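Notes to accompany the following structure.
Counting begins at 1 with the first residue of the sequence. Remember, predicted model here, so these are calculated numbers, not experimental data.
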Amino acid sequence: AAVSFLTNPVWIDATVEKPYSLTTSFTLPDANEVLFSRLYLNIWGGTNEYTCRIDTAMNGTALDVIDIGGIADSNPVYDANQTCVYGSGYGTWQVAYRGVAELLNLDGTANFVDVTISDPTGQFDGRTVDVTLVTVYRDPSINHALDYYLAEADGYMRRTPGTPDSPPERILDVNSIDVNDVIEAVYTAHYTHGTEDQFDRIYFNGTQLDGDDTAAGLMGKYGPDVLSFDVTDLLLADSTVLYTVDQTVVGTPSEFSLRAKIGLLEISRPYCREPVPGDANGDCRVDLLDFEIMISHWLECNLEPQSACWK
């Protein structure tokens, strides 16, 4: 299996009328099956008090209708089987949609996403920073197995935090990783609201992955930034990703306001083309470990009756 991580910046640097609509599209790599997919909208509301309705469709089929805004997030804890909404408390929102995988085209044709944001009061801004599609897919041409770990949140960080809900750093822990037989490990970080020449850093297990201005907003105003890093040699069974805008760490001026929205860790491994006779421990090879298992059980027999064992 493999992962496709596609992001389209869609920010409009002008006032928009409501209802506000946008259309964007994604073309997936060749695949014969989608194992998992998640669609993300990163939206500016104006303040956390304004509310709106979001109608989104994938290839013409409606996804969950979402009412966002106010002080309550909808399913703010990650659940792959739910559409989740994460609010910063300062007017930015991330919507993560379920039910996308079965709607995707896998024949090389575009997948169209249509979004309409409506607010009868006209208060909710509704402009969207980006639309992102993360897809895990299978194809016979892929010659490795895959483990993946996906994190999503608003991920709000501030240079000078005013409340506990706006810290200068965010930490992502990925635990109980099998670090054996790893071909490659890649970490992908998705940000919004990065600004060039305002400093921030990202660390993987204590090692800085990039320079001092990782999220620079190079895909457009307010971002997004999507960066991937080879972390094969840094991988631990319990791994930690640290994002920070702390000026005592990154220098001055640090990012005033930054959002680490999506984190994806991909671990590629060898895969077993077909079972091997004599492979006692199921690791797709016959070696001394299998011989030791066989010797340790030599002449054991579980037939009933026992008299049938050595006829």
Side-chain angles (χ1 to χ4, degrees), residues 1-14 16-44 52-66 68 80-86 93-118 126-144 146 148 150 152 186 188-192 194 217-228 261-264 266 268:
V3 178
S4 169
F5 196 119
L6 302 173
T7 297
N8 292 345
V10 293
W11 179 262
I12 296 176
D13 198 19
V16 296
E17 295 183 359
K18 261 70 74 180
Y20 166 56
S21 298
L22 67 90
T23 297
T24 192
S25 64
F26 302 93
T27 300
L28 293 172
D30 291 338
N32 64 0
E33 182 183 6
V34 171
L35 304 175
F36 173 82
S37 190
R38 198 84 158 154
L39 179 71
Y40 297 92
L41 307 180
N42 291 302
I43 302 169
W44 169 237
C52 79
R53 167 177 164 148
I54 304 176
D55 293 89
T56 300
M58 171 66 77
N59 291 326
T61 298
L63 303 178
D64 292 332
V65 176
I66 297 296
I68 68 171
N81 298 312
Q82 296 290 332
T83 293
C84 298
V85 177
Y86 309 91
W93 302 90
Q94 181 183 68
V95 182
Y97 285 99
R98 66 172 181 175
V100 177
E102 59 269 25
L103 304 177
L104 295 174
N105 298 323
L106 305 180
D107 57 0
T109 58
N111 293 278
F112 285 93
V113 179
D114 298 293
V115 180
T116 299
I117 298 174
S118 54
R127 286 177 293 176
T128 303
V129 175
D130 71 279
V131 183
T132 293
L133 180 66
V134 178
T135 304
V136 182
Y137 63 96
R138 180 182 289 140
D139 189 79
S141 64
I142 300 169
N143 60 0
H144 59 258
L146 178 74
Y148 66 94
L150 180 66
E152 60 191 36
V186 175
T188 299
H190 172 291
Y191 303 84
T192 64
L218 298 182
M219 293 177 71
K221 188 172 182 178
Y222 303 125
D225 287 290
V226 180
L227 303 103
S228 294
K261 296 282 191 175
I262 306 169
L264 174 68
E266 305 168 57
S268 301

Quiz item: Can you name the nearest heavy-atom pair linking Asp30 to Tyr137, along with the distance?
Solution: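 Looking at all heavy atoms of both residues, the shortest contact is O-CE1, 3.7 Å.
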Self-check item: Closest approach of Val115 to Ile117 (non-hydrogen atoms, all atoms of both residues)
Solution: CG1-CG1, 4.0 Å
Quiz item: Has Glu17 got more than 12 heavy atoms of other residues, nucleotides or ligands less than 6.0 Å from its CD?
Solution: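 Atom CD in Glu17 is not crowded, with 12 or fewer foreign heavy atoms closer than 6.0 Å.
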Quiz item: Should we count CG of Asp139 as having more than 12 external heavy atoms under 6.0 Å?
Solution: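 Check passes, neighbour count above 12.
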Does [Y] offer a backbone N or O that forms a donor-acceptor pair with the side chain of [X] under 3.5 Å?
X      : Y      : value
Asn59  : Leu103 : yes
Asp107 : Thr109 : yes
Asp225 : Gly217 : yes
Thr83  : Arg98  : yes

Cut-off 3.5 Å, side chains only: do [X] and [Y] have a donor facing an acceptor?
X      : Y     : answer
Asp130 : Thr7  : no
Thr135 : Ser4  : no
Thr192 : Asn42 : no

Quiz prompt | Candidates Asn111, Leu28, Leu133 - the one meeting side chain to side chain contact (heavy atoms under 4.5 Å, CB included) with Ser37 | solution = Leu133
Quiz item: Between Tyr222 and Trp11, what is the ring plane arrangement, given parallel below 30°, perpendicular above 60°, and tilted in between?
Solution: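 Perpendicular: the ring planes of Tyr222 and Trp11 meet at over 60°.
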Practice problem: Considering only NZ, NE, NH1 and NH2 on the basic side and carboxylate oxygens on the acidic side, decide whether Glu152 and Arg38 come within less than 4.0 Å. | Solution: yes
